Amino acid sequence: MHFETLAIHAGQDPDPAYGAVMVPIYQTSTYVQKKIGETEYDYARTANPTRTALQACIAALEGGKHGLAFASGMAAIDCVLRLLRPGDHVLASNDVYGGTYRIFERVYRDYGIAFSFVEMGDLDAVRAALRSTTRMVWVETPTNPLLKIADIAGIAGVLAQAPARPLLVVDNTFASPYLQRPLALGADIVVHSATKYLGGHSDVVSGLVVLNDDALHDRLKFLQNAVGAVPGPLDCFLVLRGIKTLPLRMERHSANAMRIAAWLTAHPRVAQVLYPGLPSHPGHAIAAKQMSGFGGMISFVVKGGPAEARRVAEATRLFALAESLGGVESLVEVPAAMTHTSVANSPLAVDPALIRLSVGIEHADDLIADLAQALA
Ligand SMILES: *Cc1c(COP(=O)(O)O)cnc(C)c1O
């Protein structure tokens with residue numbers, strides 16, 4: 001079936017108890033067993049029917065075999081990192097979500113895991129940066145907040161030639177599976193902050209993992225239960241509900257962002273616009289090849305430096321000054337001072353004059369009018 005149909009139906013058969021059309025919020029911690037062990041569900045950290053539906057749904061949307069849900073995007077990322085052992089090396093994009101950089105450098109480094117960062121858009125640089133100990137390659141595309149593009153199939157090709165083939169993990173948060181499906185391009189594991197486009201309404205924190213490999217899934221499922229950073233059933237319900245309109249929302253996010261990016265490019269007070277939909281973007285050709293749309297995230301640099309960036313971000317009225325992204329409402333932020341403080345003074349530090357927009361699904365004319373008055 002097509003994506004739009006799967007978004008509404010995958011994993012969501014009418015409830016067997018009463019025929020409820022919507023997957024019920026199974027708000028229970030435990031389940032009655034007919035005889036000892038004679039039960040589909042035993043304890044809700046291990047499994048919950050609302051979560052089962054979400055896991056099946058995201059697996060279908062990513063074109064994968066297995067889905068796993070977590071209490072946050074970071075919990076999902078943490079679970080994947082637990083596949084590593086001391087001595088392993090992770091090669092990651094040189095622009096990643098601040099929290100991802102933080103868990104690498106300030107949590108897993110202490111457990112003997114090495115991290116290094118590379119320009120993922122440059123396949124020769126990726127090849128050269130691989131080590132004999134590289135067990136995982138961690139890719140964001142588009143990246144947060146610089147909207148850099150990496151060629152997922154190209155990287156998978158480089159890794160296929162490596163002696164001990166590392167796992168290719170793609171954080172697909174910015175694109176969502178509607179615009180990009182990394183497993184089909186050769187990725188082994190997809191991670192999501194479902195807090196963003198999948199939830200889509202800024203009302204839930206959630207994380208997801210999708211993969212095909214049975215043995216890896218067994219290990220991650222074991223870890224999901226053993227470590228226990230699972231989402232509650234209400235959170236799973238909210239993500240399922242958000243996903244139903246994902247195709248419609250992503251179309252509007254992408255169309256609005258395209259118009260705003262073009263408008264910003266022509267604005268005299270804007271020094272640089274980063275949006276993969278612009279033909280001038282260095283990753284445009286790859287993005288056009290591996291994505292079916294360019295998404296709703298735009299970053300731009302204003303003339304006048306950091307103080308002017310802060311002034312503009314604080315002067316918008318419709319764009320709310322807030323962290324996070326991917327909701328129906330438009331948000332604005334200054335990454336260096338907000339979402340990306342964890343990369344300050346590191347090689348991944350972000351230009352303090354950079355403004356990031358999460359373009360919502362309001363009318364583009366109103367969004368442009370708001371940016372016009374803020375820039376003025
Ligand atoms: C927000 C975000 C995360 C972390 O997800 P949470 O749900 O906030 O824990 C990871 N990766 C990317 C790209 C993000 O934007």
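First listed ligand is number 1; within each ligand, the first listed atom is number 1. Please read these numbers as outputs of a predicted model, since none were measured by experiment.
Among residues two or more places apart in sequence or in another chain, the side chain to side chain donor-acceptor pair (under 3.5 Å) test is passed with His66 by Asp214, His217.
The protein residues lying under 4.0 angstrom from ligand 1, judged by non-hydrogen atoms, are Ser72, Gly73, Met74, Ile77, Tyr97, Glu140, Asn144, Asp171, Thr173, Phe174, Ser193, Thr195, Lys196, Ser206, Leu325.
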Could you list the donor-acceptor pairs under 3.5 angstrom formed between side-chain atoms of residues 146-158 and any protein atom two or more places apart in sequence or on another chain?
| unit_1 | atom_1 | unit_2 | atom_2 | d |
| --- | --- | --- | --- | --- |
| Lys148 | NZ | Asn94 | OD1 | 2.9 |
| Lys148 | NZ | Glu119 | OE1 | 3.0 |
| Asp151 | OD1 | Ala153 | N | 3.4 |
| Asp151 | OD1 | Gly154 | N | 2.9 |

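Pairs of residues two or more places apart, or lying in two chains, that qualify as salt bridge (charged side-chain N to carboxylate O under 4.0 Å, His left out) and include a residue from residues 268-277 are Arg269-Glu308.
Checked against the 6.0 Å centroid criterion, the rings of Phe3 and Tyr178 qualify as a close aromatic pair. If you look at Phe294 and His284, their ring centroids are closer than 6.0 Å.
At a cut-off of 3.5 Å, with distance as the only test, a side-chain donor of Asn172 or Gln180 sits close to an acceptor on the other residue.
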